[in-house]
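Note that these values count all heavy atoms, side chains included, but never hydrogens, waters or copies made by symmetry.
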Amino acid sequence: MRTLIRASAGSGKTYALTTRYLELLGQGAEPEAILATTFTRKAAGEILHRVLAMLANRETPADQQSLAGFCRSLHRVNISTIDSFMIGLCRSLGDLLDLPDDIAPAAADDVRVQAVRRMAMDRLLTTPDDQTDAVVRALLHGPASSSVVGAIEPVVSELHQVYLDSREESLWTPAPGPRPPAPNDVATAVAVLRDSAGKAPVGRQVADGTARLADHIDAKDWAAAASHKLLQNARACGTYCRKPIPPDVLDACAVIDNAVHSVLRAEWIERTRSTYDLLRRYDEVYAGLAARARVMLFSDAPRLLAANAGKLRPDLLEHRTDRGIRHMLLDEFQDTDPAQWAVLSPFIHRCLAPEAGGSLFCVGDVKQAIYGWRGGSAEIFDTLEEQIPGVEVATRNSSYRSSQVVLDAVNAVFGSIDTATPLAECSGDLEAWARKFGRHEAVKADLPGYVALTVSPRDEGQGGSRVEACVDWVRQIQRERPDASIGILTRTNAAALQMLDALRAAGVGASAEGASALTDDPAVELILSALTMADHPGHTAAAFHVARSPLAECLGLPPDPRTHPGKVATAAARLRRQVLDHGYGRALRPLAALLAPHAGPRGCRRLSQLLIAADAFDRAFEPRPGAFVTTIDEARAEESVAAQVRVMTIHRAKGLEFDAVALPDLDGSVRGRHRSVLTVRQRPTDPVQAVIMNPSPGLRSVDPDLDEAAGRAQTQEMRENLAVLYVAMTRARHALHMFCGEAALGKATFTGIVAAQLGAEGPGPGLAYQSGDPEWWRSLSADTAHTDAAGWECPEHIEMRPATSAEPDRQAAPSSREGQWIRASAAFSRSAGDAQQQGLALHACFAAAAQMGSEAASPAAVADRAARIEPTLSRTQLALAAAQAVQALEQPGLRAALSPFKCGAGQTVETWAERDFVAVTPEGTVRGRFDHVVVLKEAGRPVRAHVADYKTGEGPAGAAAADGQAQVRRYMVALAAMLAIPRTDVSGALLYVGTGEVVDVPSGSAG
Amino acid sequence: MSPQIIMLGLQRPQTQAVTDWLEDRYVHGPVWDMSSALVVVSGRRAVRRLGQLIADRAARLAPTGGLAVFPPRTVTVGALPETLCPGLAPALSPMASLIAMAACLRDLPAETLNRVSRTHSDGKRDLWALAKRLCALRSELGADLLSCGDVARSNAAAAGPDADRWAALAEIEDAYERSLRVAGMRDTEMARREADPGPTDPAFQQLVLAGTADLRPVHRKLLERCGLPVTALVAADADDAAGFDELGCVVAQYWLQRHTDITADQIVYAEAETDAAGAVLERLQAWGRELSADQVTVGLGDEASEPLVERMLTLAGVPVRTPLGGPATRSRPGALLSGIADWLHTGSVEALAELVRHPDVSRRLRRDLDAPGDLPDLMDRYRTRHLPGLVATAVEPDAGRFKRLTGDLRRLRALLHRLSGDAAPATWAARFQGLLANVYKDVSVQRDQPDDAHLLRALTVTGSALEELASVPATGPTGSRVGGAAALQLVIDRMAAEALTVESAEPAVEVVGWLEVPADDAPGLVLLGLHEGRIPSSVRRDPFLTESLRSALALPDSDHRYARDAHGLSAALAGRSHVALVCARTTDQGDPLIPSRFLFAASDEEVGARVKRFVTGDAFRLARTPLASSGPRRLQMVSPEGAPPVEKLDPSSFRRYLECPYRYYLRSILGLADARDDWQELSPAMFGDLAHAVLSDLARSEPEMRESTQAGAIRSLLRERLVAHAAGQYGRRPMGSVRLQISQLERRLDAFAACQAERNAQGWRIVPEQTEAGLSATMDVDGAPVTIAGRIDRLDHHPELGYAVLDYKTGKAVEPEKAHRAKRGGALAWTNLQLPIYRFLLQSALGTAEPVGVGYVMLPDDPDATAFAMAAWTDADYASAMDCAADVVRSIRQGLFWPPSTPPSIDDGLQRLCWDRFPQRPAAIQEAVPQATGQEKQA
């Protein structure tokens, strides 16, 4: 089965894909054999959830079994984003792609990616490097800008991805322009122009023209010359100001045209090459830093895979990925980019091979192809029919979402888009768009609907009245139908923010998605000031800000920090230390808690988001607080609760729907922005053939090839913008209200086109168009009600039962020394490590000697036995310790301390060496290890005991001697408790094995 | 002797049931002696918990003492081989193995390596990364007593498309092992795979496997050879006996079919991850009457959610302990070593700036110097003045103001000395230890203080890593010399693998990773993150050991993980009085999550209901987070206070006040300043200052030069002065961007030279004595004098046209009129008084009757727009400007600094203080009523 579905908005793409998935399961396909991809995680999850829901809604035992089987295979289900699929492939093929094992994929706006980019730009520009100098110098040939970063940064941020798609130098090396005419010929041509300007028959206008053109050439203003009408007309029609251009002027123009063309093209080639060189150098730095940070972009995955396509044999892919994919279900296919296609294509062909018995099900809508800016190529979708022989194409234009009124407006705008007056000059380019557009029909014919276009007066300033009109409409709906969902969709984040501010100022509770800066609250700013001060103690503005806030006391800042720089430095160092000790998340928590009572509900939400961001930042571990501040300054955060009125960009709204949609930001041109570079491909699925800088108007006018290439790009951009308009209009279930400024009418703007197509270019400001029921909400059924169950209100403090007294964790070790100061360097210093090792070795050797008793004659034997006790110690260490132990044991005092009891009649002696114990004493449970214990028993019952503790450090005069005695006393208490004998019957001693000294610890003092 | 299996049942938590068994088995009268037993448990936490339970049990058995308790030796599965058979140790440490592997790779032909990994685009290969990857592979195979050679020879690999790669891996492994054998060395894998484990430690008479459901062949081999009686304690009912093999390890097929013990009422679906953490709080509140904090454990399927849970609990006032800990690199010693590595790698001033901010370094330097801790500030000032890039090419901070910085940096460099070049690993260890000893030599800590304990633990881990480096044999394949940065990286990598867990005795909710949950025995359990890939965990995609290869080689595969976790879940639920299993539907970003298979491992009839509940049922949602405030915002902008006396003002004060009185107050009255050091290039002000310096030199040059009508001559002088000033300020080899900016400035100066020559030709002459000269004059405002003092950039004189006061402008080419006045409410209003004030100063200073014009020397980015732009103001205009100046003086005197104006478009360092980004700023300004402001006084 090979199916390609062209599914218009709201026509049930996901439903179709899910149904197909269930069909395959029903036919016995294993979940791991079905790959279903889409573009967002949300959409992938929706597909999975729908599959689950549809299976769960079936009632027969066979269906129940099928659901149970599917649930058992959840880990093998291949429903994912295309990014995730590609990343999985990269992980499996890491060795072939030169990827580290622990590489982490990240989105372009991820903090780690941003940090790497910043660092790369920094390194590129700050490290002295003659080659980079030369490249940048070449790019700075225009104005003598005082900012190099300002000139370079936009180039790099816009074009790095383009470079990654086309790294070959040859792709950035355009063919040279025409050979320039000899200087003399140009001089002669200029003379002809000047000469003709003085001649009467050419007329005043022509004379002015020839003189101006000559001036441009003399001033070497090639761009102005290229755009000069005389030169253009000389090339095109031979007339100027409706008069024929004299032959000698025509000849001169031809020479000048050639000169202009060759100069401008040479400059353009140089700019292309310089741009390439800059990008290459930047990428070298970036790639190194990204590899060090173990970060890769999601978009890098298909690129890497496509670049290594030759090595990725199908059998290898199948083996490495453990995926015998036989069925492919591809959603939103119009957004596939060429690299992704290069990776998917072999899988598709393998599935469709006769022996595979597989299938392809592809769903998409080129009318919704709005991701061209990130590489998506809707044309790939169009070429599928050629590439997949026998593919069946189906079209779905019935909408389950929108009312017919809304769809009629969509039909009116797009059904004959090629005839839209404002787009008359590119009707040819849009003819295919219009031809493929099928009339949209509402499945639910009785859905109430309303469409309107309101025009605001020309002198509205910054779009103020459009915004006001939009706010009024939203308020009206909220008043009449508070449960209706409303989407306010804009083209830019800035416009979304403007709308959000206006709504809030009007008292409308709205949430913005992806538009708000995390720093837009004073509470967050205060914490950032504290961190700024931590990084820059000389930033007195930051210190002052904090000093006059609820944070001052906690940070130890005086009210006037300017006069106490020492205190600021101390506070800054303390905060830096807390960040290093606990991470940003934990270090900032007490500050946020201090601010919360002062911050208000909104501030608290923002503080919560700041703490989340801090926890995330901790994964990167950047010790300098300034790095955190920079990241947060650039961070955006969603409103934590999506309100009934949601403001977002149209791109974000893809996949969503609302009862009512307002479009207040459609006055921009559909011709789109100016791209810096153009990528040229023979066919959409082919690799890039060339990358060229977008030619200037001047160069375009003298270079027809470049003009055509730039024109193609412009058309492409326009199609994508029309897709944006289509997506925006089709988000509405019932009501769609568009707002435009009068100035946008009649032009190739979004609203200009809408107005023209709806016949709404009427007389001045006001409601220019409406259809349907303006009170559409009245006939809205109750089930549209947007009901949100109230969530759980977490109390400020959660009470739990107090802990019971007998806490196991309170068990103490005899050697614990609470409250004692120790040197930090003891934890790592070589001598400390050695001493610790020596101690371990000596303990092991004494234990070994005790175990061996009289056998312990030779140090070698002791060392052998000790090796079993402490296997991690080296033989050399043990041999040295064994020699020392044997020597020590020869000393009478020490021997006596180890054998304190003489057995009488009926008495026995038991010795414990290096023995772990647990003792329950009246003071609590004690756990530890005895070095050496001797128990005297009578009739098998303990009557006396002696505990000896080895000390390998300094002698009894040392500073630790008192600690040692206290420790032995605790051992004695424990021993008495274990043996159930009076404490007075337990003796103890400290054995200084280095000096052979023995210090008795009296029994009476035990406890 | 065949092992004995004991089914502990599911009535009690696993670790408690193990304790019961140990009591039954080993208590004899007044002695509970388990010292002959080696108890093997699943993880470190289980070791600790079993010890605690034994002590607890001892207290219960003999509350007044009288019981001699000798606990068993308890180890994790990982430590079993070397504990049981001491003969297996010592093998090479992992660090030494890595060094040996890297050395081996260096000696192998490129063709062999090409079969295993590709080179970078520059033809180079990261041998350390490859060595790490191969060591990890050996370690994973080693647990199953396999080598790469074994895999290469297996049917699964030999017949597959990766056969050649496995053959190459086997060759590399052979070469590596050969190099070790020649040197008389062996690594852990060789020791475990090949060597005779030697005799078992005689201290052990009994081996107890307590909840170790996942033993690998290396353990099985040892158990077989040791000859000790083995008892496997299995936390399961007898009905599930078929689910375990003879050592109590799970039988995958059994657990794949078995339904879980989860009941529907234990499942909590939450909307998103934060809601899921909120569900933990909700459960704690619900259980709070019956359970104390230390009686609840929170298990995490995804340890990355630890900060979220910890944050929520802490903010809700619930004591929480998270023994999971972060990697040891996230610590003060970790940051110090990473900073040094960065310094060694880049040699940049930026790396040095990071080091001077390290609290331990700055404390060390401060102590040496006995000076205030302003090194970061000094460094900021130095960087702002000189914009150094690399330390090697930076301007020496030896001028007077940076003298102290020089001393500090010298000390810092002394700390870092001897870190360059190649040396043996042990030598590096000694050097790093010396450095740390120097930094921490006077630091004392208290073990029981949480912060100190964290530092101490971090230093201990650092010490262990350094010890490991120090113990790398100096001969054989590990004897090669390495660079300081590479050696440091080995230490850092080793630290990254170690978690900084700090124990605490305070009763608290404990947050543990999923693998530790089965051995936990708190009565209450909230298990968070029941999602596929977490619980059950999945095998990570691996370019070497694919799922099918794992299955073919009987390595742990997904089915094995499922079985292990299914049994783990069953054990985790055993004997708990309170259980909640939380599964979020989506991430906090709204991306759906895949639920755990365990949630649906029920009867066919039950599955449908559970799936429906997951997909469409109510999900827990948090309406109010712990960090919430129901009250209104009480934070306010800092109010200006008082009316300062105004005795002296400079010409730009007027502009600053007119732009925003509040910012003027902060900047000029309070004297607040910003600071930064992230300079990528000269700021516009620095660029302007450099231009000023060069142009001043022209004004002060000999008459034949400054009055020259030859553009070339002027250009030469300007270029020469530019080179000299730039070198003095930014060094002979400044940052790349600065070099480019200097050349941009040169282009502007070239254009200026032509303009200047033309001006000279017009008869204008620079008045050198008034160039950059300080001028002051007194202005009488309401009978009180105020001194205006300023410095004009340049004064020109023309015998017929009089004087021209000129100000250099390197910013946008804006005419004086536009730069000074704007339309406000339909009328022109002064926004800047700089040029009129200059004129006032000059007229006061010279007392001249000649006309005095004012204007800009514009050196904009478009060299063609370079020009002398004179203001065309009339006397009335100047008079109105001075009136405006008097108004400003009055306003300042009255303390009129409120309200703030619209924020500037760029960050001036005051944006946080001025709430510039707060959408409700206008309302906040209206709300705030500054105390004792001029408005009130006026009223």
Side-chain angles (χ1 to χ4, degrees), chain A residues 41 45 53 56 64 68 71 91 94-95 98 125-126 143-146 148-149 315-316 319 322 520 522 525 529 536-541 545 548 566 569 573 577 580 598 600 604 608 615 623 791 793 797-798 800-801 803 808-809 811 818 821 824-825 827-828 868 871 918 920 925 977-978 980, chain B residues 52 55-56 58-59 65-66 68-69 86 89 118 161 285 288 292-293 307 316-317 332 335 359 372-373 377 389 440 443-444 448 459-460 463 505 507 541 543 547 591-592 600 604 607-608 611-612 615 621 623-624 628-629 633-635 638 672 675 680 687 735 737 740 744 747 861 912-913 917:
Chain A
R41 279 185 281 218
Q64 286 178 346
C71 287
R91 287 226 165 95
D95 57 329
D98 186 32
L125 289 175
T126 56
S145 164
S146 65
V148 174
V149 176
D315 61 332
L316 183 72
H319 167 74
D322 297 306
D520 69 0
E525 292 279 43
S529 272
H536 302 287
H539 199 304
T540 49
H545 189 199
R548 297 300 176 94
R577 193 171 62 234
L580 286 182
H598 306 267
C604 285
S608 290
D615 284 335
E793 291 270 344
H797 194 271
I798 288 180
M800 297 195 75
R801 197 173 65 82
D809 280 353
Q811 300 152 5
E818 281 184 25
W821 289 96
S825 56
F828 65 86
R868 293 185 208 156
V918 177
V920 182
T925 308
M978 286 173 74
Chain B
Q52 287 170 342
D56 219 19
V69 184
R118 55 171 278 185
Q285 197 196 27
S292 56
R332 274 190 267 162
D377 186 35
Y440 290 99
V443 176
S444 293
D448 50 345
L459 286 169
T460 306
R541 277 173 186 272
E547 179 79 6
D591 301 326
F600 308 129
D604 288 355
V607 176
V611 168
K612 274 185 197 166
V615 179
R621 207 159 58 77
R624 180 182 183 278
S629 160
R633 173 177 51 76
R634 283 191 277 140
L635 287 176
V638 179
L672 300 182
Q680 285 183 310
F687 189 83
M735 296 198 306
S737 51
L740 290 161
Q744 297 288 71
R747 288 173 59 199
D861 56 0
R912 300 191 206 287
L913 200 42
R917 292 185 281 198

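Between chain B and the options Pro623(A), Ala53(A), Ser145(A), Ala68(A), the largest number of non-hydrogen pairs under 4.5 Å is found for Ser145(A). Counting heavy-atom pairs closer than 4.5 Å to chain A, the top-ranked of the candidates Gln285(B), Arg624(B), Glu547(B), Lys612(B) is Arg624(B). The candidate from Gly45(A), Ser146(A), Ala980(A) with the greatest count of non-hydrogen atom pairs under 4.5 Å with chain B is Ser146(A). No other option in Gln680(B), Arg634(B), Arg917(B) has as many heavy-atom pairs under 4.5 Å with chain A as Arg917(B). For the set Pro522(A), Ser529(A), Ala573(A), the entry with the most heavy-atom pairs within less than 4.5 Å of chain B is Pro522(A).
Counting heavy atoms from C-beta outward, Val918(A) and Thr925(A) have side chains that approach closer than 4.5 Å.
Interface residue Val443(B): backbone and side-chain heavy atoms are both found under 4.5 Å from chain A. Contacts between Val69(B) and chain A at a heavy-atom distance below 4.5 Å involve backbone atoms as well as side-chain atoms.
Counting heavy atoms of neighbouring residues, nucleotides and ligands inside a 6.0 Å radius, atom CZ of Arg41(A) does not exceed 12 of them.
Put simply, the side chain of Ser737(B) never gets that close to the backbone of Val148(A): no donor and acceptor are under 3.5 Å apart.
Residue Leu913(B) holds its CG atom at 9.5 Å from CZ of Arg548(A), rounded to the nearest 0.5 Å.
Residues Cys71(A) and Val607(B) approach most closely at SG-CG1, 3.9 Å, considering heavy atoms. Heavy atoms only, all atoms of each residue included: Gly538(A) and Ala675(B) are closest at C-CB, 3.9 Å.
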